Amino acid sequence: MSRVFLSGSMRGGRRLVETYRFMADVMLSEGVEVLSEHVARETVFDDERGMSEQEIFMRDVGGIQQCDCLVAEVSVHSIGVGYEICYAVGLEKPVLCVYERDSNVSAMVLGNKEVVAQSYNDPDELRQIVQGFVGSVESGGHVSKKVKNNG
C-alpha cells in the first residue's frame, strides 16, 4: 500500500476543503494510506488547537519523510504548501501538483521540472489525474517528472 502526503492550503484559505476531502476519498478508495488526512477535515483548526507550531511542523515534516509521494492542490496560494512541495522534491519524492484550470499558479510550481503539474476542470478529471499518478507510484512505474501544463 502506498503512503501519500496530501497537501492543501490551511492558513492561506480553506476555500477548497471539499476538494481536499474528495482527493483524500479518491486515494482511500484506491487503498492508499493518506498520512495527512487532517488537511481534508473541516475541524482541522479545532483538532490542532492544543498543538504548538513546532508540533504541527514536526508532524507534517515527518509525514513527508514517511510518504511514497506528495499530492498537492495548489489553486490557493499557500506558503506552507510550497514549503511541503519543496521539501518533498528535496527528498526526491514524486510530487503531483493539481490546480483548477485557469488558476493563477506560481511559476515556482509550474516551472519546476521535478514536479508533475496538471490542471483539472471537474471532479472526474481530478479523480483520473490523482488515480493515475498514485497508481503509477504504487506500481513502481516511472512517474514522469516533466511538468505537464494542460491548462
Side-chain angles (χ1 to χ4, degrees), residues 2-29 32-134 137 143 145-151:
S2 288
R3 295 168 299 173
V4 176
F5 189 91
L6 174 62
S7 181
S9 177
M10 302 288 282
R11 296 179 185 176
R14 299 293 287 160
R15 172 177 74 82
L16 294 178
V17 69
E18 289 180 23
T19 300
Y20 309 152
R21 178 78 259 153
F22 175 80
M23 293 169 66
D25 288 345
V26 166
M27 290 185 273
L28 291 167
S29 73
V32 171
E33 182 180 357
V34 180
L35 299 177
S36 55
E37 203 173 341
H38 61 274
V39 170
R41 287 192 203 115
E42 294 272 352
T43 61
V44 68
F45 295 123
D46 292 333
D47 299 344
E48 292 179 346
R49 191 177 322 275
M51 296 176 72
S52 70
E53 303 287 334
Q54 182 71 26
E55 289 169 323
I56 293 169
F57 173 83
M58 293 305 293
R59 176 200 58 201
D60 292 350
V61 165
I64 296 168
Q65 290 169 348
Q66 294 174 20
C67 75
D68 297 308
C69 66
L70 182 138
V71 175
E73 209 308 339
V74 297
S75 300
V76 176
H77 295 199
S78 168
I79 293 169
V81 171
Y83 184 95
E84 291 168 349
I85 292 166
C86 188
Y87 190 72
V89 167
L91 294 175
E92 298 183 355
K93 307 278 184 170
V95 175
L96 170 67
C97 295
V98 294
Y99 57 96
E100 296 172 316
R101 191 160 283 136
D102 300 324
S103 291
N104 185 19
V105 178
S106 172
M108 296 302 290
V109 170
L110 297 181
N112 186 337
K113 293 185 177 168
E114 296 300 314
V115 304
V116 175
Q118 290 198 265
S119 66
Y120 62 91
N121 214 25
D122 57 53
D124 288 333
E125 192 172 12
L126 177 58
R127 177 191 313 275
Q128 290 173 2
I129 293 166
V130 170
Q131 286 174 330
F133 181 82
V134 172
V137 170
V143 177
K145 291 191 175 189
K146 182 178 178 191
V147 173
K148 297 177 182 178
N149 184 351
N150 62 358

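Positions are given from 1 along the sequence. Please read all numbers here as calculations on a predicted model, not as lab measurements.
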Atom pair [atom1]/[atom2] of [X] and [Y] - distance to nearest 0.5 Å:
{"X": "S52", "Y": "M58", "atom1": "OG", "atom2": "CE", "answer": "10.0 Å"}
{"X": "H77", "Y": "S106", "atom1": "NE2", "atom2": "OG", "answer": "7.0 Å"}
{"X": "Q128", "Y": "Q131", "atom1": "CD", "atom2": "CD", "answer": "7.5 Å"}
{"X": "L6", "Y": "L35", "atom1": "CG", "atom2": "CG", "answer": "10.0 Å"}
{"X": "S119", "Y": "I129", "atom1": "OG", "atom2": "CD1", "answer": "6.5 Å"}
{"X": "C86", "Y": "I64", "atom1": "SG", "atom2": "CD1", "answer": "10.0 Å"}

List the residues meeting side-chain hydrogen bond (donor to acceptor under 3.5 Å, both in side chains) with E48, not counting sequence neighbours, and say none if there are none.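 Once residues adjacent in sequence are excluded, the partners of E48 under the side-chain hydrogen bond (donor to acceptor under 3.5 Å, both in side chains) criterion are R59.
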Intermediate values then yes/no, side chain to side chain contact (heavy atoms under 4.5 Å, CB included), E37 and R21: CA-CA 8 Å; E37 203 173 341; R21 178 78 259 153; 2.9 Å; yes
Chi angles and distances behind the side chain to side chain contact (heavy atoms under 4.5 Å, CB included) call for L70, K93: CA-CA 7 Å; L70 182 138; K93 307 278 184 170; 5.6 Å; no
Would you say [atom1] of [X] has more than 12 non-hydrogen atoms from neighbouring residues, nucleotides or ligands within 6.0 angstrom?
{"X": "D46", "atom1": "CG", "result": "yes"}
{"X": "Q65", "atom1": "CD", "result": "yes"}
{"X": "M51", "atom1": "CE", "result": "yes"}

State, with a plain yes or no, whether a side-chain heavy atom of [X] is found less than 4.5 Å away from one of [Y].
{"X": "V95", "Y": "E114", "value": "no"}
{"X": "R41", "Y": "D47", "value": "yes"}
{"X": "H38", "Y": "I56", "value": "no"}
{"X": "Y99", "Y": "L110", "value": "yes"}
{"X": "Y120", "Y": "T19", "value": "yes"}
{"X": "V74", "Y": "I85", "value": "yes"}
{"X": "F5", "Y": "D60", "value": "yes"}
{"X": "C69", "Y": "V4", "value": "yes"}

Partner set under salt bridge (Lys or Arg N to Asp or Glu O under 4.0 Å) for E55, not counting sequence neighbours: none
Heavy-atom pair of closest approach, residues [X] and [Y]:
{"X": "G13", "Y": "V76", "value": "O-CG1, 4.0 Å"}
{"X": "V81", "Y": "G8", "value": "CG2-C, 3.4 Å"}
{"X": "E125", "Y": "N121", "value": "OE1-N, 2.8 Å"}

Quick one: side chain to side chain donor-acceptor pair (under 3.5 Å) pairs with a partner in residues 4-15, sequence neighbours left out?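 Found S7-E84, R11-E53, R15-E100.
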Give a yes or no answer on whether the side chain of S36 reaches the backbone of V39 with a donor-acceptor pair at less than 3.5 Å. no
Side chain to side chain contact (heavy atoms under 4.5 Å, CB included), that's the test. Do Y87 and L91 meet it? Break it down for me. CA-CA 6 Å; Y87 190 72; L91 294 175; 3.5 Å; yes
